[in-house]
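Only a predicted model underlies this, so the values are computations on that prediction, with no experimental measurement involved. Within every chain, numbering begins at 1; the chains are lettered A, B, ... in the order of the sequence lines, protein sequences first and strands thereafter. Only this structure's heavy atoms are used, side chains among them; waters, hydrogens and symmetry mates stay out.
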Protein chains: 2
Amino acid sequence: MTGIPTREDDENARRRLGERLREARKYLGLKQEEVAAYLKIGRTALTDIESGQRRVEAIELTRLAQLYRQSVGYLTGEDEASAGLPIDVAHLARRVADLSVEDREELGRFAEYLRSRSGGGA
Amino acid sequence: MTGIPTREDDENARRRLGERLREARKYLGLKQEEVAAYLKIGRTALTDIESGQRRVEAIELTRLAQLYRQSVGYLTGEDEASAGLPIDVAHLARRVADLSVEDREELGRFAEYLRSRSGGGA
DNA sequence: CTATAATGTCGGATTATCCGACATTATAGA
DNA sequence: TCTATAATGTCGGATAATCCGACATTATAG
């Protein structure tokens with residue numbers, strides 16, 4: 001078990017990373033062009049990233065995790081099973097991001113209420 | 001706030017990543033040569049990585065996280081990075097993460113209500 | 001202090017990236 | 001459906017990063 005990673009393992013891992021990055025982007029309804037501009041890379045570079053043809057730098061990865069509201073662990077498939085935030089939570093976070101501070105606080109209180117009501121499940 | 005990352009931010013982030021990687025390696029008492037062999041890169045390449053002079057690929061990062069028995073989130077300083085989000089949003093996302101799906105949906109609808117009420121700020 | 005291991009530095013060969021032009025595919029509207 | 005346009009994909013060559021060995025410097029043991 002835990003064999004030494006081969007070059008092909010790398011390619012597979014890169015492809016899966018690219019797929020997750022693409023999924024996350026489309027989920028937020030962003031264009032390659034927009035994300036590429038955010039990362040300050042060319043659009044075709046993002047095409048290559050999402051198809052696993054270009055390496056992703058660690059810093060780029062953290063920036064993407066922020067933009068996509070996902071943990072870097074999820075994007076890298078760190079724990080194939082237990083992901084970072086559930087996708088609907090990420091969606092919520094995005095919608096919440098441009099609410100006013102007061103509204104966010106009110107939403108937080110409501111979240112607390114829901115949590116206490118159902119006893120904070122797993 | 002939440003300014004666009006500059007080139008210098010990248011360099012700083014890379015340096016900090018390198019420092020954490022070096023710390024993790026020394027903690028395990030490994031030599032650069034051993035880790036480099038594990039990653040199948042030259043020893044001097046690891047020297048450059050740990051001093052922030054060479055980029056770290058996402059795949060390399062996950063391999064190092066395994067070898068060093070750390071999360072990629074720790075190595076990238078994810079907590080530090082999620083300061084990119086407004087603090088209360090990150091906090092909310094965390095609290096929301098273990099609510100049930102139904103509660104999350106209800107919370108999402110409430111967020112929509114708040115949004116429409118104040119006309120989608122920011 | 002000396003011997004040796006470990007790490008750091010540098011230059012140029014090697015390899016990956018970048019980016020624009022063009023091709024292909026998805027999407028919206030008549 | 002057909003068409004216009006947006007979005008994404010592909011490719012080649014200019015550009016930039018990496019790689020790696022030789023040598024320098026620093027840490028550690030004895």
Heteroatom pairs (N/O) under 3.5 angstrom, protein to nucleotides 14-18 of chain C:
residue	atom	partner	partner atom	Å
C/dT17	OP1	A/R55	N	3.0
C/dC18	OP1	A/R54	NH2	3.1
C/dC18	OP2	A/R54	NE	2.4
C/dC18	OP2	A/R54	NH2	3.0

How is the base pairing of DNA chain D summarised as a dot-bracket string, given the Watson-Crick and G-U wobble criteria with both distances under 3.5 Å, [ ] for crossing and | for another strand? ||||||||||||||||||||||||||||||
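When atom types are taken as modelled, the side chain of A/S71 and the backbone of A/Y74 share a donor-acceptor pair closer than 3.5 angstrom. When atom types are taken as modelled, the side chain of B/R20 and the backbone of B/L75 share a donor-acceptor pair closer than 3.5 angstrom. In terms of modelled atom types and a separation under 3.5 Å, the side chain of A/E78 and the main chain of B/V72 share a donor-acceptor contact.
Heavy-atom minimum distance, B/L28 versus B/Y68: CD1-CA, 3.6 Å. When every heavy atom of B/A36 is checked against every heavy atom of B/L46, the shortest pair comes out as N-CD2, 4.1 Å.
A salt bridge does not link B/E34 to B/R25: none of the charged nitrogens lies less than 4.0 Å from a carboxylate oxygen.
Partners of B/E33 by side-chain hydrogen bond (donor to acceptor under 3.5 Å, both in side chains), not counting sequence neighbours: none found. Every residue was checked against the salt bridge (charged side-chain N to carboxylate O under 4.0 Å, His left out) condition with A/D48, not counting sequence neighbours, and none meets it. Partners of A/A45 under the side-chain contact (heavy atoms from CB on, under 4.5 Å) rule, at least two apart in sequence or in another chain, are A/I41, A/R54.
For DNA chain D, the contact window with chain A, defined by any atom under 4.0 Å from a protein heavy atom, covers D/dA7 to D/dT10 in 5' to 3' order.
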Determine, stepwise, if the pair B/E57 / A/R14 fulfils salt bridge (Lys or Arg N to Asp or Glu O under 4.0 Å). CA-CA 10 Å; B/E57 195 209 346; A/R14 240 190 303 275; 2.2 Å; yes
